[in-house]
Q: 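Below is one structure. I have some questions about it.
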Amino acid sequence: MARYNPKEVEPKWRAAWAAADVFRADNRSAKPKYYVLEMFPYPSGRLHVGHARNYAMGDVVARFKRARGYNVLHPMGWDAFGLPAENAAAERGVDPAKWTYDNIAAMREELKRLGVSIDWSREFATCDPAYYGRQQAWFLRLLKKGLAYRKEGLVNWDPVDMTVLANEQVENGRGWRSGALVERRKLTQWFLRITDYADPLLEGLKSLDRWPEKVRLMQENWIGKSRGARLAFPFAGSAPEGFEDGVLVYTTRPDTLFGASFVALAPDHPISEALSAADPKLAAFIAQCRKGGTSEAEIESAEKLGFDTGLRVVHPFDPNWTLPVWIANFILMDYGTGAIFGCPAHDQRDLEFARKYALPVKPVVLPPGQDPGSFAIGDEAYVGPGQAFNSGFMDGLEVEAAKQAAIDKIEALGLGEGATVYRLRDWGVSRQRGWGCPIPVINCAVCGVAPVPEDQLPVELPKDLDFSRPGNPLARHPTFRFTTCPGCKGPAERETDTLDTFVDSSWYFARYANPDAAEPIDKVAADYWLPADQYIGGVEHAVLHLLYARFITRALADEGLLSVREPFAGLFTQGMVTHETYRRQNGDWVDPSEVEIVSEGATRTARLVAAGEPLVIGDVEKMSKSKRNVVAPADMADRYGVDAARLTVLSDSPPERDVQWTAAGVEGAWRLVNRVWAEFDSPPAAATEAWEPRAARRIVHRTIKAVTEAVEGFRFNSAIARLHEFVKVVSTMRAPAGDPERSQVRREALSALARLVAPFAPHLAEECWAELGETGLVAAAPWPVFEPQLAEDEQRVLPVQINGKRRGEIRADVGASEAEVEKIVLDDPEIARRLEGLSIRRVIVVKDRIVNIVAA
RNA sequence: GCCCCAGUGGCGAAAUGGUAGACGCGGCAGACUCAAAAUCUGUUGGCCGCAAGGCCGUGUUGGUUCGAGUCCGACCUGGGGCACCA
């Protein structure tokens with residue numbers, strides 16, 4: 001028996017698949033279509049185990065569905081714009097395009113080596129002008145429709161490098177390169193009006209019944225629709241000039257108005273700015289508030305800071321009640337009106353603020369079962385349900401009813417109106433970066449913003465951008481900016497902002513339908529393929545990417561470019577592959593392959609393999625290039641072959657769960673590969689023990705059923721466990737010469753085994769299939785057929801519990817009635833012995849499963 | 001800080017509300033071998049017991065149920081997202 005040699009076998013079958021072109025998807029077919037898509041990767045240059053896991057899963061689905069008779073589309077491309085290429089350009093002076101395309105070439109080879117069944121004829125990268133040019137084309141249609149517009153937005157500003165920073169480039173409030181304290185700065189930028197689609201996006205979630213509940217919940221919370229109110233608090237006494245209408249406030253909790261203890265403005269609210277002109281202390285406070293980055297996490301967890309303006313406003317429901325007006329760092333100008341009323345008893349942020357500045361805390365919602373006389377707020381605001389109290393006309397109403405009563409009153413008083421409020425903000429798509437899709441507009445001093453004429457698309461990135469200095473290289477390029485206005489033909493400037501890379505990934509799945517189409521989307525092809533039947537990707541994309549893709553799909557559908565409104569009918573979110581992180585004393589991240597771990601008792605220390613330098617062991621985090629905690633699957637494939645590597649990443653844990661990476665499972669996968677191969681390779685020895693053909697077929701068909709259901713349910717680890725068990729059984733099924741019945745059952749088992757293994761270990765399966773004497777490819781062979789009548793048992797063992805504890809077991813016919821089972825149980829001497837001295841209160845028989853006797 | 005998720009043997013894990021720990025790794029014992037590796041077989045949650053068997057056990061804690069890893073409440077720990085990482 002020759003040992004299985006993946007180094008020879010695997011390349012051979014990859015060549016055979018390519019020669020037969022078995023993975024090409026047809027844009028028309030008599031078969032039903034199935035579109036399986038994994039989130040396309042950023043071309044970092046090396047495949048890591050997270051990628052391998054993701055693409056192996058998609059490949060199992062693709063191969064399974066092909067075997068089930070579907071016309072399968074399983075494409076691949078590259079999310080190729082983004083910061084890492086710019087960083088490489090800045091650090092090493094390489095051209096970002098060359099760097100990116102080199103990485104793509106390397107990763108394409110690694111993916112091909114993984115044996116994934118992809119239709120490579122549809123491949124593209126988002127940095128191809130042919131792709132981003134089409135993106136510019138539809139962007140202009142959204143612009144024309146008013147879905148793209150400009151307004152001021154906040155950015156992270158590095159005052160030393162004089163540049164905009166990504167959130168990732170801000171560490172502890174400082175710029176990652178300069179170390180300068182980051183500030184928030186306003187910049188005029190492009191936005192997409194996703195808020196116009198807030199309701200359809202929310203409604204659409206209901207139809208996505210093949211999405212994980214948690215993702216739908218996260219998106220629902222992100223959209224954050226709630227009924228609230230917009231109302232004015234008039235100034236008590238004289239108002240600041242220009243603000244005679246008072247402070248316009250947005251709230252989701254008008255029911256808590258009687259608990260108001262202050263009104264707070266954003267530091268960049270127009271009133272704050274007007275007041276600061278005459279108040280240097282306030283101006284200094286506002287400058288202080290701009291410190292720090294723009295991320296919500298940073299703002300929300302920063303220490304609450306406030307400045308009392310000395311102004312007072314009148315409570316809307318009580319002309320004799322006035323409230324102080326503060327300016328507070330945790331109020332964002334982008335949310336609502338940039339001003340709130342604070343109700344510390346029922347909002348945690350307001351409570352912290354009130355405690356810090358000694359403002360009153362008056363509870364107005366009484367939790368069920370609490371006494372109104374004694375209920376008090378401690379360190380935690382009460383945000384749960386209850387009845388209004390201390391609230392005048394609202395007293396006794398539940399939260400929702402109280403909200404409506406407050407809104408009615410506000411409207412009756414003419415102070416404001418009920419409003420549906422969303423947490424969702426418009427999508428800022430401007431990036432001041434050189435490696436992205438140029439926004440195809442021209443700014444003319446005379447005509448304003450003009451779209452680039454369609455016949456001039458794509459607006460291509462210059463090939464000679466200078467990334468050696470911080471800042472946007474497009475803005476300082478010698479020629480890119482300067483052009484003529486398409487309207488007045490006078491001199492004008494091109495927009496130098498590029499689009500967020502989330503735009504690139506918001507429609508690529510539609511482009512795969514026909515990546516060569518002249519128009520952005522080949523509607524006929526897209527109507528055929530979309531929606532994707534199964535989308536697979538990391539759960540970290542649960543909100544942003546998936547929401548943006550849903551939005552763009554709808555916007556493009558409304559433009560007539562597409563027919564579907566939901567791009568992904570089925571979604572599977574795989575867990576992340578995580579790994580410990582390591583840093584040198586100077587803070588540089590270190591690759592795990594360079595780390596040696598030393599364990600002494602319970603303490604673990606890490607050091608550099610080469611220099612022995614001690615390292616700091618950091619948190620376990622998702623693998624990412626920036627933290628360098630990436631492990632490549634290539635080493636495993638080198639030693640054990642691709643199939644064993646695929647089996648390892650698929651079987652180590654349930655696919656939706658995060659895994660902390662370890663290669664421990666590869667030994668088991670390798671043994672499985674060899675055990676499977678041994679069944680096909682070695683000549684059947686004489687039967688060492690009698691095996692019953694009927695029982696063997698029962699196991700064959702049960703395995704077919706179990707593997708089929710496990711694959712359909714994304715329980716790949718369970719499917720592989722069944723394969724382990726099956727191989728063990730098959731190895732006992734030796735057929736002596738001159739025993740046609742056993743020979744035939746053995747062949748049935750082997751034929752099923754080869755095809756059941758195929759989605760997981762496709763190269764091995766081909767080799768086995770050929771060994772069986774089959775002429776075609778197993779990649780093109782139909783899935784084994786499950787025959788239920790062959791899988792059935794006549795009898796089953798039922799555990800018997802007494803008072804919930806297992807005390808024995810009985811045998812009963814499958815489908816035996818409760819009465820029959822009960823008789824068998826009570827006739828059982830062992831059970832009878834256990835029941836001595838007890839009286840039976842109840843006997844619960846769960847058909848074919850279990851018996852529980854309640855006795856005392 | 002806010003939203004979401006997860007927690008089961010030494011480890012990765014399995015289990016439509018119905019025998020907790022399938023399957024794999026590792027360990028232990030044995031076979032093969034001059035020996036080792038590889039391979040194969042057996043065994044392997046903890047405690048008590050010669051054994052039969054018993055008790056305990058799914059992060060903690062309380063509840064629902066004839067029955068809870070699974071459902072509900074509170075808490076602890078870890079992970080993800082928080083709008084410029086992708």
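Below, chains carry the letters A, B, ... as their sequence lines are ordered, and counting in each starts from 1.
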Q: Between B:C72 and B:C4, how far apart are the two P atoms, rounded to whole Å?
A: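 Comparing P positions in B:C72 and B:C4 gives a spacing of 14 Å.
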Q: Which whole number of Å gives the distance between the P atom of B:C47 and that of B:C11?
A: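 15 Å, rounded to whole Å.
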Q: If I pick the P atom on B:C50 and the same atom on B:U61, what distance separates them, to the nearest angstrom?
A: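 It works out to 32 Å between them.
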Q: Between B:A86, B:C5, B:C82, which nucleotide has the shortest distance from any of its atoms to the side chain of A:L217?
A: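 Ranking B:A86, B:C5, B:C82 by closest atom to the A:L217 side chain puts B:C5 first.
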Q: At 4.0 Å (heavy atoms only), tell me whether A:P41 reaches a base, stays on the sugar-phosphate, or touches nothing.
A: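 Nothing, no nucleic acid heavy atom in range.
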Q: Under 4.0 Å, heavy atoms only, any strand: does A:H541 hit a base, just the sugar-phosphate, or nothing?
A: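 A:H541: base contact, heavy atoms under 4.0 Å.
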Q: Check every strand shown and say whether A:G428 touches a base, only sugar-phosphate, or nothing at a heavy-atom separation below 4.0 Å.
A: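 Sugar-phosphate contact only.
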Q: Does B:C56 have its OP1 or OP2 closer than 4.0 Å to a side-chain nitrogen or oxygen of A:K805?
A: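 For A:K805, the contact criterion (side-chain N or O under 4.0 Å from OP1 or OP2 of B:C56) is met.
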Q: Quick one: label A:R807 by what it contacts on the DNA or RNA (base, sugar-phosphate, nothing), any heavy atom closer than 4.0 Å.
A: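 Sugar-phosphate: the residue A:R807, judged by heavy atoms under 4.0 Å, touches backbone atoms but no base.
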Q: Please classify B:G9 as syn or anti, treating any glycosidic angle within 90° of 0 as syn.
A: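 Here B:G9 takes the syn form, which means its glycosidic angle is within 90° of 0.
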Q: Given the P atoms of B:C66 and B:A13, what is the spacing between them in whole Å?
A: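 To the nearest whole Å, 34 Å.
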Q: Base, sugar-phosphate, or nothing for A:E725, non-hydrogen atoms under 4.0 angstrom?
A: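 Sugar-phosphate contact only.
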Q: Short question: side chain of A:D79, backbone of A:F40 - any donor-acceptor pair under 3.5 Å?
A: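 No: the side chain of A:D79 does not pair with the backbone of A:F40.
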Q: Would you indicate what A:V846 reaches in the nucleic acid, counting non-hydrogen atoms under 4.0 angstrom: base, sugar-phosphate, or nothing?
A: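 Base, at least one base heavy atom under 4.0 Å.
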Q: Scan A:F330 against the nucleic acid and name what it touches under 4.0 Å (heavy atoms): base, sugar-phosphate only, or nothing.
A: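 Counting heavy atoms under 4.0 Å across all strands, no contact is made by A:F330.
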Q: Is there a donor on the side chain of A:R657 or the base of B:C5 sitting less than 3.5 Å from an acceptor on the other?
A: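 In this structure, the two groups form no donor-acceptor pair.
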Q: Please say whether the positively charged group of A:K151, taken as NZ for Lys or CZ for Arg, lies over the ring of A:F191, i.e. under 6.0 angstrom from the six-membered ring centre and within 45 degrees of the axis.
A: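 Positive - A:K151 is close enough to the ring of A:F191 and near enough to its axis.
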Q: In whole angstrom, give me the gap between the C1' atoms of B:A6 and B:G69.
A: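 About 13 Å, rounded to a whole number of Å.
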Q: Is it true that the NZ or CZ of A:K304 lies under 6.0 Å from the centre of A:F330's six-membered ring and within 45 degrees of the ring axis?
A: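 The answer is yes; both the distance and angle limits are met.
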Q: Contact class for A:R834 (heavy atom, under 4.0 Å): base, sugar-phosphate, or nothing?
A: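 Sugar-phosphate only.
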Q: Between B:C3 and B:A86, how many Å separate the two P atoms, rounded to a whole number?
A: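 Rounded to whole Å, the distance is 27 Å.
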Q: Need to verify one output field. Residue with the more 5' nearest nucleotide on RNA chain B, A:E352 or A:W427?
A: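 The answer here is A:E352.
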Q: Please work out the stems of RNA chain B from pairs that are Watson-Crick or G-U wobble with both distances under 3.5 Å, keeping only runs of three or more consecutive pairs.
A: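 Stems (3+ consecutive pairs) listed as B:1-7 with B:76-82, B:10-12 with B:23-25, B:26-31 with B:39-44, B:45-48 with B:53-56, B:59-63 with B:71-75.
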Q: May I ask you to say what A:E709 touches in the nucleic acid, namely base, sugar-phosphate or nothing, with a heavy-atom cut-off under 4.0 Å?
A: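 Nothing: the residue A:E709, judged by heavy atoms under 4.0 Å, touches no strand.
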Q: Per the atom types in the model, does the base of B:C4 pair as donor or acceptor with the side chain of A:E213 at under 3.5 Å?
A: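 Between B:C4 and A:E213, which were checked side chain against base, a qualifying N/O pair under 3.5 Å is absent.
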Q: Assign A:V155 to base, sugar-phosphate, or nothing according to its heavy-atom contacts below 4.0 angstrom with the strands shown.
A: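 Base, at least one base atom sits under 4.0 Å.
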Q: Looking at B:G24, B:A83, B:C85, which one has an atom nearest to any side-chain atom of A:S295?
A: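 Among B:G24, B:A83, B:C85, the one nearest the side chain of A:S295 is B:A83.
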Q: Taking the six-membered ring of A:W222 as reference, does the cationic atom of A:R423 (NZ for Lys, CZ for Arg) lie under 6.0 Å from its centre and within 45° of its axis?
A: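 Yes; both conditions hold, so A:R423 lies above the ring face of A:W222.
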Q: The side chain of A:L83 lies closest to which of these nucleotides: B:C4, B:C84, B:C85?
A: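 Nucleotide nearest to A:L83's side chain: B:C85.
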Q: How many angstroms lie between CZ in A:R431 and CZ in A:F502, if you round to the nearest 0.5 Å?
A: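 Answer rounded to 0.5 Å: 8.5 Å.
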Q: Need one value for A:R796: base, sugar-phosphate or nothing, where a base atom within 4.0 Å counts as base even if backbone is also close, heavy atoms only.
A: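 No contact.
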Q: For the C1' atoms, the ones on B:G45 and on B:C82, what distance do you get once it is rounded to whole angstrom?
A: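 Nearest-Å result for B:G45 against B:C82 at atom C1': 41 Å.
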Q: Mind checking if A:S430 touches a base, just sugar-phosphate, or nothing, with heavy atoms under 4.0 Å?
A: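 It contacts base atoms.
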Q: Tell me whether the side-chain N or O atoms of A:R722 pair up with the base of B:A22 as donor and acceptor below 3.5 Å, since no angle test is needed here.
A: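 Present.
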Q: Classify the nucleic acid contact of A:A542 as base, sugar-phosphate or nothing, counting any heavy atom under 4.0 Å across all strands shown.
A: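 Contact class for A:A542: none.
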Q: If you look at every strand shown and take non-hydrogen atoms under 4.0 Å, does A:Q432 touch a base, only sugar-phosphate, or nothing?
A: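 It contacts base atoms.
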Q: Between A:R671 and A:G804, which residue's closest nucleotide on RNA chain B lies nearer the 5′ terminus?
A: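 Its nearest nucleotide lies further toward 5', so the answer is A:R671.
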Q: Considering only atom C1', compute the distance from B:G53 to B:G73 and round it to an integer number of Å.
A: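 Comparing C1' positions in B:G53 and B:G73 gives a spacing of 39 Å.
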